[in-house]
Asker: 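The structure is given below, and queries will be raised subsequently.
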Amino acid sequence: MSNYTEIEKKWQNYWEDEGVFHASNDSKLPKYYYLVEFPYPSGAGLHVGHVRSYTALDVLSRKKRMQGYNVLFPMGWDAFGNPAEQYAIKHHIHPKDAVKENIKTFKSQIQSLGISFDWNREISTCDPEYYKWTQWQFIQFFKSGMAYKAKKDINWCPSCKTGLSNEDSTGGVCVRCGTKVVQKEKEQWMLKMSEYAQDLIDGLDDTIFEERIKTAQVNWIGRSDGAEVKFKLDNVDDNLTVYTTRPDTLFGASFMVIAPEHPILSKYKDKIRNFDEVVKYQDFAKSKSEFERVEMNKEKTGVKIDGISAINPVSGKVLPIFISDYVMMNYGTGAIMAVPAHDQRDYDFAKKFNLDIVQVISGGDISKEAYTGDGVMINSEFLNGTDNKKDAINKMIEFLESKDIGKRMTNYRLQDWIFSRQRFWGEPIPLVYCDECGWVPVKDEDLPVLLPDVTEYEPTDDGESPLAKIESFVNTTCPHCGKTARRETDTMPNWAGSSWYWLRYMDPHNDNEFASKDALNYWGKLDFYNGGMEHATRHLLYARFWNQFLYNQGLVPNKEPFNRRVAHGMILAEGGVKMSKSKGNVINPDDMVSSYGADALRTYEMFIGDYEKEVAWSEQGLNGSKRFIDRVVRIGEKLNDNNGYTSSIESLIHKTIKKVTEDIDNMKFNTAVSALMILLNKFEEISSISKDDYRVFLLLFSPFAPHICEELNSKYDLGEVICKSNWPLYDEEKTVDNEKEIAVQVNGKVRATIKINVNDSNDIIEEKALAEDNVKKHIEGKEVIKVIVIKGKIVNIVVK
RNA sequence: GCCUCUAUGGCGGAACUGGUAGACGCGCUGGACUCAAAAUCCAGUGAUAGCAAUAUCAUGUCGGUUCGAUUCCGACUGGAGGCACCA
């Protein structure tokens with residue numbers, strides 16, 4: 001039995017031939033839908049991190065099936081997008097072929113692990129049968145006015161030569177290649193995601209995501225509550241509206257700052273005497289990426305607008321207006337009231353430009369820095385004396401609303417989703433531009449808009465999609481009027497295909513709809529979705545937004561797509577550093593499978609530690625799991641002919657069933673494996689074990705090490721094949737010990753242990769405790785104040 | 001700066017609702033088997049003192065609540081993640 005590879009292959013073939021992992025769409029059994037994020041089929045192949053999450057969900061799925069559920073556990077490929085395209089360009093092959101090759105590798109790697117995916121439902125986002133429906137859904141966005149084209153400064157990656165969403169340019173660098181992002185003006189398709197900001201926050205209440213995931217989402221959406229306030233301009237009949245979270249400090253507003261792109265500048269160009277200087281500053285601001293603007297936060301810069309000023313609506317003071325790049329056009333109104341006494345940035349600016357600093361909240365030392373703490377309102381007329389922020393804010397808002405110069409306002413950092421990419425390898429946006437009819441969606445029957453089969457797909461320098469160069473693709477007729485028209489040549493971001501893929505798994509071969517109503521209703525909400533923390537914001541928000549939109553269109557039955565979301569911890573290299581090609585410390589799962597076997601690798605990765613935490617790889621640890629499996633095999637030589645569980649270990653067996661069952665449910669895979677190790681240790685202690693002992697062990701261990709458990713079960717003819725067997729049950733009564741050893745403490749320190757019976761009264765327990773020599777020694781000559789007996793747990797004798 | 005999480009032997013990690021801290025595994029030490037090694041098996045393994053029984057200390061630091069705290073509360077320190085000139 002030394003050749004694990006052969007055994008593994010044998011059972012993988014058996015499972016496939018028997019179709020035991022195929023989910024049914026019309027089953028009487030209760031359903032359960034497990035999903036693990038599908039991978040980018042990059043050239044690097046499978047990572048041991050994939051093995052961790054796939055195995056974890058495989059353990060859950062296999063157990064759930066044995067417990068009588070109709071389990072959907074699918075797998076597919078997130079095949080569009082930059083990684084695949086970069087790989088193709090580098091290796092001079094068509095992305096389509098590159099992806100095909102990579103998928104082949106990935107799939108065989110995954111299959112060698114024995115993960116119980118339902119391969120009948122395999123999908124790939126770059127498959128026309130799939131992206132037809134991605135395009136169709138985009139058209140629904142378009143038709144409902146949720147998709148629009150806007151000229152805007154976008155984050156541009158000069159290396160990937162494509163526009164990036166804010167989500168993809170985190171930290172001012174392209175998340176794909178790490179190149180510094182610059183600003184570039186471009187017409188882009190946008191999805192109105194910002195409209196869903198509040199729904200995306202509220203919807204979290206209907207999920208059971210891990211707290212850290214919820215927090216990440218809420219932070220990303222970035223809700224803030226405050227007020228909009230209108231400031232009259234003093235020499236033109238117009239207002240400048242600002243957004244503030246601190247309307248209570250309005251009396252302290254001593255100047256205004258607007259973003260360099262603020263429209264008021266061009267509007268009153270003629271009134272602005274130093275417009276040259278303004279333009280110069282605008283150019284200066286534009287030359288920096290958004291991130292640089294934010295990053296260079298030490299020294300404030302700006303230009304005072306000479307020609308227009310504003311009036312503080314409560315104090316009546318005339319306030320100078322500045323432009324400065326610390327105010328962003330894309331948040332709030334692009335204008336702020338500056339309260340230098342109580343805001344550090346405004347304070348810095350005021351110091352630099354020598355502006356008034358008016359304190360309106362008592363406390364702190366305004367001569368040194370802005371005071372952002374709480375205090376009693378001063379210099380604020382009707383607010384004077386108010387001693388807390390909340391009341392002051394409310395009073396001010398009431399005042400503003402009564403005078404119609406302001407109103408309560410909530411703002412979100414979440415912006416609309418930039419949905420255009422100037423790349424080849426993505427879903428073509430299925431729209432046509434007609435000079436007469438404008439933007440018109442491609443007719444349903446003409447979907448999918450196929451990517452042309454060409455050899456030129458490298459990005460261009462001018463910011464146009466490579467598709468723009470392909471005449472046969474671009475030139476078409478208007479679906480509306482039939483005249484000549486041009487196709488949109490931008491493609492969708494690679495987040496598009498992953499924003500709805502779990503729905504396709506429900507009905508993957510449907511030619512008429514993205515999924516049938518029946519399938520959508522039957523599978524409903526995804527019960528359990530696993531993915532990396534790196535997707536806790538972007539992917540998860542896009543997917544929830546997309547689903548909420550489909551829900552509002554009446555196309556899916558649930559507003560929230562995912563019930564429970566869990567994130568696995570990363571696996572680091574030995575020594576606790578990240579695995580990377582450049583460091584040469586990447587562990588290839590294939591090597592591990594061939595040296596130790598898939599079962600050992602799976603067991604090790606489940607035993608390695610807390611599933612949600614990152615953990616360092618240890619090949620010695622993996623070898624330990626292999627040793628454990630070898631022992632499981634060897635114990636088969638100790639089988640006897642007895643029936644039932646061996647009486648001396650019966651209680652332990654029931655306890656182990658309970659422990660393993662509960663631990664798997666709670667994703668405490670490490671302690672589940674440890675419970676099995678304890679049971680095996682016991683098997684080795686006793687002279688022989690019964691077939692039932694062995695069989696129940698193999699059933700419990702099978703989700704972790706399915707191949708060897710099937711093999712041993714079959715070799716010793718212990719019963720039905722495990723994949724078709726029921727999960728073992730335990731008898732609660734038999735998990736309780738009649739006799740127990742408990743500790744006896746004197747003043748909280750353990751001095752002895754005593755054996756007690758569950759039926760012993762407190763008096764008897766106390767008597768036993770006091771009879772212990774070491775206990776006597778420690779209470780000798782002291783006064784016993786009280787004796788605390790906690791049944792079945794502990795005795796504590798308090799002495800003085 | 002704000003938000004969330006986290007801290008236990010040489011290492012990964014256990015510990016039910018506050019009740020014998022260190023399960024299980026790795027590593028290490030000694031032994032058996034072997035000509036030898038590997039594999040396997042047996043014993044030991046938080047620190048200090050002791051032949052031992054046992055005692056003292058010990059769950060990031062300092063306090064608090066409690067008969068009893070890894071667990072609850074407060075403050076601090078370190079680490080991870082999210083957000084960030086966001087008004």
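So that the names make sense, note that chain A is the first sequence line, chain B the second, and so on, each numbered from 1.
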Asker: If you only use heavy atoms from C-beta on, which nucleotide in B/C16, B/A14, B/C85 is closest to the side chain of A/D610?
Answerer: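 Output: B/A14.
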Asker: Report, one pair per line, the protein and nucleotides 67-69 of chain B atoms (nitrogen or oxygen only) whose separation is under 3.5 Å.
Answerer:
| unit_1 | atom_1 | unit_2 | atom_2 | d |
| --- | --- | --- | --- | --- |
| B/C67 | O2' | A/N796 | ND2 | 3.1 |
| B/C67 | O2 | A/N796 | ND2 | 2.6 |

Asker: What integer distance in Å separates A/M328:CE from B/C83:P?
Answerer: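 Distance, rounded to whole Å: 16 Å.
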Asker: For A/I361 and A/H342, work out which heavy atoms get closest and say how close.
Answerer: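 Residues A/I361 and A/H342, closest heavy atoms: N-NE2, 3.2 Å.
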Asker: Of all of residues 658-666 of chain A, which get a heavy atom below 4.0 angstrom from RNA chain B, listed by number?
Answerer: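 Output list: empty, so none.
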Asker: Can you name the nearest heavy-atom pair linking A/I608 to A/R52, along with the distance?
Answerer: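 Smallest heavy-atom distance, with atoms named: CG2-NH2, 3.9 Å.
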Asker: Base, sugar-phosphate alone, or nothing: which one does A/D346 contact when heavy atoms must sit under 4.0 Å apart?
Answerer: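 A/D346: no heavy atom of the nucleic acid under 4.0 Å.
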Asker: Of all the heavy-atom pairs spanning A/Y347 and A/K368, show the shortest one and how long it is.
Answerer: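 Shortest heavy-atom separation between A/Y347 and A/K368 comes out as OH-C, 3.1 Å.
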Asker: Residues two or more places apart in sequence or in another chain: which of them pass salt bridge (Lys or Arg N to Asp or Glu O under 4.0 Å) with A/E685?
Answerer: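 Salt bridge (Lys or Arg N to Asp or Glu O under 4.0 Å) check on A/E685 returns A/K682.
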Asker: Kindly point out which of B/G13, B/U4, B/G25 is positioned nearest to the side chain of A/V615?
Answerer: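 Of the options given, the side chain of A/V615 lies nearest B/G13.
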Asker: Indicate, with a heavy-atom threshold strictly under 4.0 Å, whether A/E741 touches base, sugar-phosphate, or nothing.
Answerer: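 Touches a base.
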Asker: Tell me which residues in residues 618-631 of chain A lie within less than 4.0 Å of RNA chain B, going by non-hydrogen atoms.
Answerer: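 RNA chain B contact set from residues 618-631 of chain A: A/Q620, A/G624, A/R627, A/R631.
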Asker: Parallel under 30°, tilted from 30 to 60°, perpendicular over 60°: which one fits the rings of A/Y281 and A/F284?
Answerer: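 Tilted.
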Asker: Atom pairs, N/O to N/O, protein against nucleotides 56-59 of chain B, distance under 3.5 Å?
Answerer:
| unit_1 | atom_1 | unit_2 | atom_2 | d |
| --- | --- | --- | --- | --- |
| B/U56 | OP1 | A/R751 | NH2 | 3.3 |
| B/U56 | OP2 | A/R751 | NH1 | 3.0 |
| B/C57 | OP2 | A/K749 | NZ | 3.1 |

Asker: Taking the chi torsion of B/G31, is it syn (within 90° of 0) or anti (everything else)?
Answerer: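 Base orientation: anti.
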Asker: For A/S674 and A/R246, take the nucleotide of RNA chain B holding the closest heavy atom to each; which residue's nucleotide lies nearer the 5' end?
Answerer: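 It is A/S674 whose nearest nucleotide is closer to the 5' end.
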Asker: A/T245 near the nucleic acid: base, sugar-phosphate alone, or nothing, with a heavy-atom cut-off under 4.0 Å?
Answerer: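 Sugar-phosphate contact only - A/T245 comes under 4.0 Å of backbone atoms but never of a base.
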Asker: Answer with yes or no whether the side chains of A/R408 and A/N394 bring together a donor and an acceptor at under 3.5 Å.
Answerer: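 Note: A/N394 and A/R408 side chains meet the donor-acceptor criterion.
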Asker: Whole Å only: how far is the OH atom of A/Y412 from the P atom of B/A87?
Answerer: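 Taking OH of A/Y412 and P of B/A87, I get 13 Å after rounding.
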Asker: Below 4.0 angstrom from OP1 or OP2 of B/A23, is there any side-chain N or O of A/N681?
Answerer: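 So the side chain of A/N681 is outside the cut-off, no N or O lying under 4.0 Å from OP1 or OP2 of B/A23.
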Asker: For A/I635 and B/U40, what is the distance between atoms CD1 and C1' respectively, to the nearest whole Å?
Answerer: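 So the CD1-C1' distance, A/I635 to B/U40, works out to 14 Å.
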Asker: Picking from B/A14, B/U54, B/C85, which would you name as closest to the side chain of A/N774?
Answerer: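 The answer is B/U54, which lies nearest to the side chain.
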Asker: Kindly state each residue pair satisfying ring-ring contact (aromatic ring centres under 6.0 Å, His included) with at least one member in residues 651-677 of chain A, sequence neighbours excluded.
Answerer: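 Only A/Y611-A/F669, A/Y645-A/H654 qualify under ring-ring contact (aromatic ring centres under 6.0 Å, His included).
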Asker: Determine, for A/E772 against A/K777, whether the closest basic-nitrogen to carboxylate-oxygen distance falls under 4.0 angstrom.
Answerer: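 Looking at A/K777 together with A/E772, the answer is no, because their closest N to O distance does not fall below 4.0 Å.
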Asker: If the cut-off is 4.0 Å, is A/R345 near the phosphate of B/A84, judged by side-chain N/O to OP1 or OP2?
Answerer: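 For B/A84, neither OP1 nor OP2 has a side-chain N or O of A/R345 closer than 4.0 Å.
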Asker: Taking only residues two or more places apart in sequence, or in another chain, which ones meet A/F251 in a ring pair (Phe, Tyr, Trp, His ring centres under 6.0 Å)?
Answerer: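 Applying ring pair (Phe, Tyr, Trp, His ring centres under 6.0 Å) to A/F251 gives A/F382.
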Asker: From CD1 of A/I794 over to P of B/U20, roughly how many Å is that when rounded to an integer?
Answerer: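 Going from CD1 in A/I794 over to P in B/U20 covers 5 Å.
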Asker: Is the A/F562 ring parallel, tilted or perpendicular to the A/H539 ring (thresholds 30°, 60°)?
Answerer: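 If you compare the ring of A/F562 with that of A/H539, the planes turn out tilted.
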Asker: By ring pair (Phe, Tyr, Trp, His ring centres under 6.0 Å), which residues pair with A/Y196, not counting sequence neighbours?
Answerer: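 Result, ring pair (Phe, Tyr, Trp, His ring centres under 6.0 Å) vs A/Y196: A/F545.
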Asker: Under the side-chain hydrogen bond (donor to acceptor under 3.5 Å, both in side chains) definition, can you give me all pairs with a residue in residues 670-680 of chain A, not counting sequence neighbours?
Answerer: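 Every side-chain hydrogen bond (donor to acceptor under 3.5 Å, both in side chains) pair that includes a residue of residues 670-680 of chain A, provided the two are not neighbours, is A/D663-A/T671.
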Asker: Ignoring backbone atoms, test whether A/S224 places a side-chain nitrogen or oxygen under 4.0 Å from the OP1 or OP2 oxygen of B/A87.
Answerer: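 Yes, such a contact exists.
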Asker: Considering only atom P, compute the distance from B/C26 to B/C5 and round it to an integer number of Å.
Answerer: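 The answer is 34 Å between these two P atoms.
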Asker: Specify the residue among A/M337 and A/E211 whose closest nucleotide of RNA chain B lies further upstream toward the 5′ end.
Answerer: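 Nearest-nucleotide comparison on RNA chain B picks A/E211.
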Asker: Would you say a side-chain N or O of A/Y331 is under 4.0 Å from OP1 or OP2 of B/A87?
Answerer: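 It does, given that an N or O in the side chain of A/Y331 lies less than 4.0 Å from OP1 or OP2 of B/A87.
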Asker: Rounded to whole Å, how long is the line connecting atom CD of A/E369 with atom P of B/G1?
Answerer: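 For the pair A/E369 CD and B/G1 P, the rounded distance is 12 Å.
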Asker: Just how far, in rounded Å, is P of B/A87 from NE2 of A/H262?
Answerer: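 One finds 17 Å between P of B/A87 and NE2 of A/H262, rounded.
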Asker: For B/A14, take OP1 and OP2 only and decide whether either is under 4.0 Å from a side-chain N or O of A/N670.
Answerer: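 A/N670 to B/A14 OP1/OP2: side-chain N or O found under 4.0 Å.
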Asker: Could you state the NZ-P distance from A/K613 to B/C5, rounded to the nearest angstrom?
Answerer: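 Answer to the nearest Å: 13 Å.
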Asker: Distance between the P atoms of B/G22 and B/A37, in whole angstroms?
Answerer: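 Straight-line distance between the two P atoms is 36 Å.
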Asker: Check for me whether A/R565 meets the cation-pi criterion with A/Y529, that is, NZ or CZ under 6.0 Å from the six-membered ring centre and within 45 degrees of the ring axis.
Answerer: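 Judged by the rule (NZ or CZ under 6.0 Å from the ring centre, within 45° of its axis), A/R565 counts as positioned above A/Y529.
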Asker: Name all residues meeting the ring pair (Phe, Tyr, Trp, His ring centres under 6.0 Å) criterion together with A/Y604; count only those two or more places apart in sequence or in a different chain, and write none if there are none.
Answerer: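 A/Y604: ring pair (Phe, Tyr, Trp, His ring centres under 6.0 Å) contacts with A/W617.
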Asker: Before you tell me yes or no, could you show the steps for A/K626 and A/D599 under salt bridge (Lys or Arg N to Asp or Glu O under 4.0 Å), namely the whole-Å CA-CA distance, both residues' side-chain angles and the distance that decides it to 0.1 Å?
Answerer: CA-CA 8 Å; A/K626 164 129 188 333; A/D599 285 332; over 6 Å; no
Asker: Can you measure A/K777 atom NZ to B/U54 atom P for me and round it to whole angstrom units?
Answerer: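 That distance rounds to 8 Å.
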Asker: Dot-bracket, 5' to 3', for RNA chain B please: Watson-Crick or G-U pairs under 3.5 Å, [ ] where pairs cross earlier ones, | where the partner sits on another strand, dots elsewhere.
Answerer: (((((((..(((......[....)))((((((.......))))))((((....))))..(((((..]....))))))))))))....
Asker: Restricting to non-hydrogen atoms, name the atom on A/G332 and the atom on A/Y243 that form the minimum distance, rounded to 0.1 Å.
Answerer: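 Closest approach of A/G332 to A/Y243: CA-CB, 4.1 Å.
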Asker: Out of B/U4, B/C41, B/G12, which has the shortest distance to the side chain of A/F607?
Answerer: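 Closest nucleotide among those given: B/G12.
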Asker: B/G82, B/C86, B/C41: which one has an atom nearest the side-chain heavy atoms of A/N219?
Answerer: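 Selected nucleotide: B/G82.
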Asker: Just grab all the salt bridge (Lys or Arg N to Asp or Glu O under 4.0 Å) pairs involving residues 611-622 of chain A, residues at least two apart or on different chains.
Answerer: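 Only A/D610-A/K613 qualify under salt bridge (Lys or Arg N to Asp or Glu O under 4.0 Å).
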Asker: Using a strict cut-off of less than 4.0 Å between a Lys/Arg side-chain nitrogen and an Asp/Glu carboxylate oxygen, indicate whether A/R631 and A/E684 qualify as a salt bridge.
Answerer: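 Yes, charged N to carboxylate O under 4.0 Å.
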